[in-house]
Amino acid sequence: MATQGEILQIHVWNQKQKWLELTAEFQDISNDYIRKKFRIPYPQIEKFKNPLDPEQLIGQKVEFCLLPQSYQPLQIRLLPTDKTKLEFFHSKSALFFSQNQLWSLHYQGIHIKSSVCTFTVQEIQFVRSTENSDFHLDFYCPEYCDFQIPSTIGNFAEFEQALFECFKDIEFDHYQKLKYSNQPQHIKIWQCQPALLPTIEKRKVIKDFELSLGLIFIITIVIVFILIFSAHHFIGLSLLFFAIVALISIYFYNLSSKRLFDYHQDAQL
């Protein structure tokens with residue numbers, strides 16, 4: 001079941017085994033308030049660089065996903081009230097596929113509710129509602145919940161670096177003018193062109209692409225066996241190794257960079 005609650009007490013933080021024991025209060029399915037001690041993975045982020053102070057989690061509102069009878073936690077996410085204490089975290093799909101990243105916000109090592117995969121973003125808007133230095137960026141996605149990054153987060157400069165790494169079409173000078181204008185703004189600064197394919201069509205494109213790569217791999221295997229049986233063992237095994245590396249690289253690069261889908265969209269115009 002999904003429910004909301006509040007962290008009341010921190011008991012033990014085992015930094016070596018990366019778990020945290022805490023007491024939280026939440027509502028059950030009968031709307032009765034229950035206090036229970038939990039042990040959760042902590043921090044929830046694999047590569048965490050900043051110092052943590054779990055005592056600061058006391059009093060924070062959280063969202064729990066619990067088993068209905070035992071109330072064992074399946075997931076816990078923070079519902080932050082002060083966005084200035086949030087920090088940006090991103091992880092890449094692979095070392096050299098920078099276009100596809102998973103973005104999230106966290107507070108003291110626990111994720112907040114929303115996150116976004118940059119591959120699914122269709123539109124980015126710059127929003128400043130009042131005449132001050134604070135603003136936020138809204139990310140609109142068809143398959144994820146819409147995602148928002150406020151300029152008040154602790155490591156906003158790190159977010160900006162990831163932003164321009166993933167969305168190279170954003171005009172840097174235009175963004176800088178908006179950032180330092182201190183005027184109310186609500187402007188679209190990036191849009192996916194062309195629009196993403198519907199999910200069913202996207203799966204068909206991926207399936208056709210995988211079949212093509214599979215056919216190439218089968219042909220390569222046949223050539224390798226011919227070379228091996230003709231006493232060219234080293235050449236055959238070398239060809240097999242390079243073919244596997246090349247096909248895997250082509251597969252993941254096309255999926256993460258959207259070029260595969262863009263090609264098929266252009267063909268339909």
Side-chain angles (χ1 to χ4, degrees), residues 43-50 60-63 77-94 97-197 199 202 255-259 261-262:
Q44 293 180 341
I45 302 168
E46 291 182 6
K47 298 179 180 179
F48 195 89
K49 301 177 182 178
N50 300 327
Q60 292 292 323
K61 301 293 183 182
V62 292
E63 180 183 74
R77 291 187 175 181
L78 216 62
L79 301 173
T81 54
D82 186 356
K83 293 184 178 181
T84 63
K85 295 181 178 180
L86 296 177
E87 293 198 43
F88 169 75
F89 179 77
H90 64 122
S91 57
K92 299 180 181 181
S93 60
F97 300 138
S98 59
Q99 298 93 337
N100 190 14
Q101 299 184 11
L102 180 64
W103 289 358
S104 60
L105 291 173
H106 68 87
Y107 174 63
Q108 291 299 320
I110 294 184
H111 288 301
I112 70 169
K113 185 175 181 180
S114 58
S115 62
V116 69
C117 176
T118 56
F119 183 67
T120 66
V121 175
Q122 283 192 310
E123 185 178 304
I124 305 174
Q125 293 195 2
F126 180 100
V127 181
R128 180 188 282 113
S129 56
T130 58
E131 293 186 11
N132 58 45
S133 59
D134 297 342
F135 59 91
H136 62 266
L137 296 179
D138 288 334
F139 296 81
Y140 298 95
C141 313
E143 298 175 7
Y144 278 67
C145 295
D146 293 338
F147 186 67
Q148 184 182 102
I149 294 281
S151 61
T152 53
I153 62 174
N155 58 342
F156 189 72
E158 183 178 337
F159 157 73
E160 288 181 311
Q161 182 179 350
L163 174 70
F164 288 105
E165 182 179 280
C166 291
F167 303 98
K168 302 181 187 299
D169 295 337
I170 295 178
E171 296 183 10
F172 179 79
D173 292 338
H174 179 56
Y175 171 80
Q176 290 295 95
K177 289 179 181 178
L178 293 173
K179 179 179 177 180
Y180 294 110
S181 67
N182 288 341
Q183 295 296 322
Q185 303 279 0
H186 196 139
I187 296 178
K188 185 190 302 179
I189 62 173
W190 184 87
Q191 185 174 16
C192 179
Q193 294 292 341
L196 291 174
L197 287 171
T199 302
K202 185 188 296 185
L255 291 188
S256 64
S257 67
K258 304 182 183 179
R259 292 189 179 187
F261 304 118
D262 291 346

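The analysis underlying the following values was restricted to heavy atoms, covering all of them including side chains, and did not include hydrogens, waters or symmetry mates. What you see is a predicted model, and the numbers here were worked out from it, not measured in a lab.
A distance of 5.5 Å separates NZ in Lys179 from CD in Gln176, rounded to the nearest 0.5 Å. If you take CD1 on Ile170 and CD1 on Ile189, they are separated by 4.5 Å, rounding to the nearest 0.5 Å. A distance of 9.5 Å separates OG1 of Thr120 from CG of Leu102, quoted to the nearest 0.5 Å. Rounded to the nearest 0.5 Å, atoms SG (Cys166) and CD (Gln101) are 3.5 Å apart. Taking CD of Gln191 as the reference point, atom CD of Gln122 lies at 8.0 Å (rounded to 0.5 Å). Atoms NZ and CG, from Lys85 and Leu105 in turn, are 15.5 Å apart once rounded to the nearest 0.5 Å.
The two atoms that bring Ile124 and Leu163 nearest to each other are CD1-CD1, 4.2 Å, heavy atoms only. Residues Val121 and Val116 approach most closely at CG2-CG2, 3.9 Å, considering heavy atoms.
When ring centroids are compared, Phe159 and Phe156 come within the 6.0 Å threshold.
Gln44 and His111 are not linked by any side-chain donor-acceptor pair at a separation below 3.5 angstrom, with hydrogens and angles left out of the test. Checking Gln183 against Gln185 by side-chain atom types alone, no donor-acceptor pair falls below 3.5 Å.
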What do the steps show when you test Tyr175 against Glu160 for side chain to side chain contact (heavy atoms under 4.5 Å, CB included), and what is the final call?
-> CA-CA 10 Å; Tyr175 171 80; Glu160 288 181 311; 2.5 Å; yes

- prompt: When you look at Tyr107 and Glu87, which way does the side chain to side chain contact (heavy atoms under 4.5 Å, CB included) test go after all the steps?
  reply: CA-CA 6 Å; Tyr107 174 63; Glu87 293 198 43; over 6 Å; no

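Judged by distance alone, with hydrogens and angles left aside, the side-chain atoms of Arg128 form no donor-acceptor pair with the main-chain N or O of Ser181 at under 3.5 Å.
The side-chain heavy atoms of Glu158 and His90, taken from C-beta on, include a pair separated by under 4.5 Å. A 4.5 Å side-chain heavy-atom check between Ile112 and Leu86 finds at least one atom pair inside the cut-off. Looking only at side-chain heavy atoms (C-beta outward), Phe88 and Trp103 come within less than 4.5 Å of each other.
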Output a table of donor-acceptor pairs, distance under 3.5 Å, between side-chain atoms of residues 131-142 and any protein atom two or more places apart or on a different chain; print 'none' if there are none.
unit_1	atom_1	unit_2	atom_2	d
Asn132	OD1	Asp134	N	2.9
Asn132	ND2	Thr130	OG1	2.6
Asp138	OD1	Gln148	NE2	3.0

